[in-house]
Amino acid sequence: MCTTKRMQNKAPIFISVVNQKGGVGKTTTVLNLATSIAASGKKVLIIDLDAQGNASTGLGIIIEQRKLSSYDILVSDEDIKNVIRKTDIENLFIVPANQDLSSVDMDLVEVDKKAHMLKKSFSKNKNDFTNFDYVFMDCPPALNMLTVNSLVLANLIIIPLQTEFFALEGLSQLMVTIKEIRNTLNKELKILGVLLTMYDRRNNLSIQIEDDVRSTLNDLVFNTVIPRNVKLSEAPSFSLPGVLYDQKCLGSMAYQKLAAEFFLREKKFFNNGAV
Ligand SMILES: Nc1ncnc2c1ncn2[C@@H]1O[C@H](COP(=O)(O)OP(=O)(O)OP(=O)(O)O)[C@@H](O)[C@H]1O
Ligand SMILES: [Mg+2]
């Protein structure tokens, strides 16, 4: 059902990459998954919703190109086409972030339906992005108004979990938020998958944590696991996603594998409404 509606409207699929825990691999996942998908010929837009602007920096978007940012679509009603920047990567575009975003919660205090600002902007500017296949939203490490706006607009959610002792800590709070948004503001919202990141296979703890996460969350967990890999952490300082900085490293290969699993899972959702 979902498929038919989407194809008629030629709307992209919106994916929110979210976890209120900091440093779990949200931005790394957005950059590498979006780039891998763009390399397959799909047109992809990243919306950087984090005032830190790590996704924008990781793609080499300089400060002069960030005068307009996702803040302006959320708060100032700017046309999306004026805010989308081309990246050096074919088929990959970005709505960058800047420091303005740090005051969004305050700036929206008196606004009606503040959780709908991003969705409203995209509905109003439909024609500016109908040729995109996927829109990835890189959320900040907080369950704030930016994250809520992202969840209201999203069709699908990816939750990166760092493979560490407290991996599941905080997840129940995120699940409650997702449930609340599904019950009220966005009934179609679905979790595409939970992604284990920074996995260290030499460490027994990683294996134990993976078992624990899989037995708790079952099919919700992506089969693909992202290893801890130094090339992935070096890549942003060269303004490149890992998958382009070193295509053959284990981290890049894992993200390419994730892209294949992404397509399979996403098809399953939109064709059967499954998982
Ligand atoms: N698989 C990995 N292997 C090694 N380093 C990684 C990996 N994934 C991410 N990192 C590094 O870990 C740090 C945190 O990753 P990232 O910025 O993607 O997390 P985040 O969840 O977006 O953080 P924040 O919550 O601050 O936005 C970064 O320095 C990044 O380069
Ligand atoms: Mg980040």
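Both ligands and their constituent atoms are indexed starting at 1 by order of listing.
- In terms of protein heavy-atom proximity, atom 5 (N) of ligand 1 is nearest to Ser233 CB, 3.6 Å.
- At least one N or O atom of Gly23 sits closer than 3.5 Å to an N or O atom of ligand 1.
- Checked by distance only, ligand 1 and Val24 come closer than 3.5 Å through their nitrogen or oxygen atoms.
- The minimum heavy-atom distance between Pro140 and Thr147, with the atom names listed, is CD-OG1, 3.5 Å.
- Closest protein heavy atom to atom 18 (O) of ligand 1: Thr28 OG1, 2.5 Å.
- Nearest-residue assignment for atom 21 (O) of ligand 1 (options Gln20, Gln52, Lys26; heavy-atom criterion): Lys26.
- In this structure, atom 29 (O) of ligand 1 has no protein heavy-atom contact shorter than 4.0 Å.
- Taking atom 19 (O) of ligand 1 as the reference point, the nearest protein heavy-atom neighbour is Gly25 N, 3.0 Å.
- Val24 and Leu168 are not part of a single hydrophobic cluster, where members link through side-chain heavy atoms under 4.5 Å apart.
- For atom 13 (C) of ligand 1, the protein comes within 4.0 Å by no heavy atom at all.
- Every atom of ligand 1 with a heavy atom of Asp50 under 4.0 Å away is listed here by number and element: 27 (O).
- Proximity annotation for atom 4 (C) of ligand 1: of Val230, Asn229, Leu232, Thr29, Asn229 comes nearest, heavy atoms only.
- A cation-pi arrangement is absent between Lys190 and Phe269, since the terminal nitrogen or guanidinium carbon is not both under 6.0 Å from the aromatic centre and inside a 45° cone about the axis.
- At a heavy-atom distance under 4.0 Å, only backbone atoms of Pro227 (N, CA, C or O) approach ligand 1.
- Between the side chain of Asn125 and the backbone N or O of Ser121, at least one donor-acceptor pair lies under 3.5 Å.
- Neither the backbone nor the side chain of Thr197 has a heavy atom within less than 4.0 Å of ligand 1.
- The Mg ion (ligand 2) has Thr27 OG1 as its protein N, O or S neighbours under 2.8 Å.
- Ligand 1 places these atoms under 4.0 Å from at least one heavy atom of Pro141: 25 (O).
- Within ligand 1, the atoms closer than 4.0 Å to a non-hydrogen atom of Gly22 are 25 (O), numbered from 1 in the order shown.
- Heavy-atom contacts of Ile226 reach the following atoms of ligand 1: 1 (N) (cutoff under 4.0 Å).
- For the pair Leu174/Ile159, a side-chain contact is recorded, criterion being any heavy-atom separation below 4.5 Å from C-beta on.
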_Between Ile73 and Glu78, does the side-chain contact (heavy atoms from CB on, under 4.5 Å) criterion hold? Intermediate values first, please._
CA-CA 5 Å; Ile73 350 182; Glu78 184 64 52; 5.5 Å; no
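- Closest to atom 7 (C) of ligand 1, if we only count protein heavy atoms, is Met198 CG, 3.6 Å.
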_Criterion side-chain contact (heavy atoms from CB on, under 4.5 Å) on Phe263 and Lys42, from CA distance to verdict_ = CA-CA 11 Å; Phe263 285 130; Lys42 304 284 185 193; 4.3 Å; yes
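- With a 4.0 Å cut-off on non-hydrogen atoms, Thr27 touches ligand 1 through its backbone as well as its side chain.
- Donor-acceptor pairing under 3.5 Å is recorded for the side chains of Arg66 and Thr57.
- Considering Phe14, Phe262, Phe129 in turn, Phe262 is the only one that fulfils the ring-ring contact (aromatic ring centres under 6.0 Å, His included) rule with Tyr134.
- Under 3.5 Å, the side chains of Glu261 and Thr224 contain a donor-acceptor pair of N or O atoms.
- For Lys21 and Glu164, the salt-bridge test passes: some basic side-chain N is under 4.0 Å from an acidic carboxylate O.
- A donor-acceptor pair shorter than 3.5 Å cannot be found between the side chains of Asp48 and Ser70.
- In this structure, the side chain of Asp138 does not engage the main chain of Leu49 through any donor-acceptor pair within 3.5 Å.
- Residue Pro12 comes nearest to Asn155 through the heavy atom pair O-OD1, 4.0 Å, listed as atom of the first residue, atom of the second, then distance.
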